[in-house]
Amino acid sequence: MRKIKILAAAAALSILTSCGVSTDEPSDTGSDKIQVYTSFYAMYDLTRAIAGDSADVYNLCPTGSEPHDFEPTAAEMAELTDADVFIYNGMHMEPWTDSVSETLSGSDVIIVEASADVPHVTENYDPHVWLDPENAYAQMEAIANALIQADPGNRGYYTARLEECRGKIDKLDDDYKTAVSGFSSHLIITSHEAYMNLCDAYGLIQTAVNGVDNSEDPTPTRMAEIEELINANNIKYIFTEPLSTSKIVETIAEDTGCDILVLDPFEGSTEDKDYFTVMYENLEALKTALS
């Protein structure tokens with residue numbers, strides 16, 4: 001059965017990727033491939049990993065933008081009604097989704113909430129579920145099922161790509177477990193409380209400057225507590241993110257003598273990096289901070 005949730009519409013990227021899927025704006029080219037839309041970059045990349053060159057995949061949230069803050073235009077929402085499949089994360093990652101529910105009501109668009117069947121959701125409802133590789137694979141399975149429903153003639157193709165991803169996920173998971181077993185510390189200080197799924201998967205402990213939605217700055221009291229924690233645990237690095245800079249993180253780093261590293265929650269990419277590239281870059285950053 002389809003999961004009928006909601007979302008919005010139309011494309012804004014123009015990327016030609018190693019997986020062979022274009023994110024050019026849709027046009028009346030008469031393509032006979034299924035038309036697939038995704039809500040933001042993480043969903044786009046997991047989708048293109050399964051879709052390969054058998055579907056036209058378009059991303060909604062512009063590259064380099066935060067999916068929390070994106071708002072589709074009326075024209076973009078209207079465009080989505082011509083899609084075959086729409087894929088989004090859910091768990092309030094894309095707060096703009098509920099407002100367009102009526103746009104797709106009664107349509108034939110297959111709508112997939114990719115986090116709906118994820119088995120390892122954290123208690124604090126952190127929507128960045130894909131940062132646990134097993135969760136990312138569960139989302140890939142949901143995506144594959146939707147593509148097969150929309151395009152049953154390519155079932156074998158999508159299934160084969162899903163199986164290939166299974167092998168990559170297993171290796172990624174093993175590499176994380178091996179690295180973490182050698183860490184001298186398991187405490188990370190982050191600018192954004194986006195890493196609970198990663199931490200749950202590998203026994204790490206996160207203290208964040210900002211909350212899950214990254215919208216409210218900490219109070220002076222909270223900043224003092226974080227700085228005290230850093231000093232008490234001899235922490236040498238604090239993590240920020242590629243899509244946002246934080247003056248508060250810079251202040252904490254200056255006050256405590258920490259260096260700043262990048263830990264990527266994979267919400268967007270200005271360099272068209274895929275999931276596995278980013279996860280391995282994150283692993284190298286963790287090695288630097290915790291080994």
Side-chain angles (χ1 to χ4, degrees), residues 42 64-69 89 91-93 95 120-135 172-173 175-270 278-291:
S65 299
E66 285 278 359
H68 305 291
D69 304 327
N89 184 74
M91 295 182 67
H92 305 293
M93 183 69 193
H120 306 299
V121 176
T122 59
E123 291 182 359
N124 77 339
Y125 211 65
D126 178 356
H128 304 80
V129 295
W130 57 88
L131 294 178
D132 176 343
E134 283 299 325
N135 292 348
L172 178 66
D173 182 49
D175 289 344
Y176 263 81
K177 288 175 178 175
T178 298
V180 170
S181 68
F183 287 172
S184 59
S185 172
H186 292 81
L187 176 61
I188 60 174
I189 309 297
T190 65
S191 62
H192 173 199
E193 194 176 22
Y195 304 96
M196 285 303 299
N197 292 280
L198 178 69
C199 290
D200 285 354
Y202 300 111
L204 303 177
I205 302 167
Q206 173 186 232
T207 292
V209 174
N210 288 344
V212 171
D213 64 2
N214 207 19
S215 62
E216 294 186 6
D217 290 335
T219 64
T221 298
R222 178 60 177 163
M223 284 186 64
E225 290 173 350
I226 292 171
E227 291 184 2
E228 181 178 349
L229 181 69
I230 290 171
N231 292 327
N233 289 275
N234 196 31
I235 291 171
K236 301 300 184 185
Y237 296 93
I238 185 169
F239 290 105
T240 189
E241 298 179 3
L243 291 186
S244 61
T245 58
S246 171
K247 294 295 184 183
I248 292 175
V249 167
E250 292 173 359
T251 298
I252 292 173
E254 184 176 346
D255 289 347
T256 60
C258 282
D259 289 325
I260 297 175
L261 289 172
V262 171
L263 199 64
D264 191 344
F266 201 53
E267 293 180 355
S269 176
T270 59
V278 168
M279 288 296 288
Y280 276 109
E281 289 178 348
N282 284 344
L283 181 56
E284 290 306 310
L286 291 168
K287 288 179 182 178
T288 298
L290 301 178
S291 295

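Values reported hereafter were calculated over all heavy atoms of this structure, with side chains retained and with hydrogens, waters and symmetry mates removed. If you're wondering where the values come from, they're calculated on a predicted model, not measured in any experiment.
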field: Distance-minimising heavy-atom pair for Asn234 and Lys236
entry: OD1-NZ, 2.9 Å
message: I need the minimum non-hydrogen distance between Ala194 and Gln206, along with the two atoms involved.
response: N-OE1, 3.4 Å
Side chain to side chain contact (heavy atoms under 4.5 Å, CB included) assessment of Asp200 paired with Asp132: CA-CA 8 Å; Asp200 285 354; Asp132 176 343; 5.9 Å; no
Under 3.5 Å, side-chain donor or acceptor atoms of residues 247-262 against the rest of the protein: list the pairs with distances, not counting sequence neighbours.
unit_1: Thr251; atom_1: OG1; unit_2: Lys247; atom_2: O; d: 2.9
unit_1: Thr256; atom_1: OG1; unit_2: Ile252; atom_2: O; d: 2.7

task: Name all residues meeting the side chain to side chain contact (heavy atoms under 4.5 Å, CB included) criterion together with Glu225; count only those two or more places apart in sequence or in a different chain, and write none if there are none.
output: Thr221, Arg222
message: Once side chain to side chain contact (heavy atoms under 4.5 Å, CB included) is applied, do any residues pair with Asp173, and if so which ones, sequence neighbours excluded?
response: Lys177, Tyr202
For the atom pair [atom1] ([X]) and [atom2] ([Y]), what is the distance rounded to the nearest 0.5 Å?
X	Y	atom1	atom2	answer
Thr288	Phe239	OG1	CZ	8.0 Å
Asn135	Asn197	CG	CG	5.5 Å
Ile226	Asn231	CD1	CG	12.0 Å
Asn210	Glu193	CG	CD	9.5 Å
Ile205	Cys199	CD1	SG	8.5 Å
Met93	Asp126	CE	CG	8.5 Å

All N/O donor-acceptor pairs, side-chain side in residues 179-189, below 3.5 Å, sequence neighbours left out:
unit_1: Ser181; atom_1: OG; unit_2: Thr178; atom_2: O; d: 2.6
unit_1: Ser184; atom_1: OG; unit_2: Leu290; atom_2: O; d: 3.0
unit_1: Ser185; atom_1: OG; unit_2: Leu187; atom_2: N; d: 3.3

task: Give the intermediate values and the outcome of side chain to side chain contact (heavy atoms under 4.5 Å, CB included) for residues Asn282 and Tyr176.
output: CA-CA 10 Å; Asn282 284 344; Tyr176 263 81; 3.5 Å; yes
message: Keeping Asp264 on the side-chain end and Val278 on the backbone end, is there a donor-acceptor pair under 3.5 Å?
response: no
Is the closest side-chain heavy-atom distance between [X] and [Y] below 4.5 Å?
X	Y	value
His128	Met91	no
Met279	Phe266	no
Leu204	Tyr195	no

field: Counterpart residues, salt bridge (charged side-chain N to carboxylate O under 4.0 Å, His left out), relative to Lys287 (two or more places apart)
entry: Glu284
field: Test side-chain hydrogen bond (donor to acceptor under 3.5 Å, both in side chains) applied to Glu228 - qualifying residues, sequence neighbours left out
entry: none
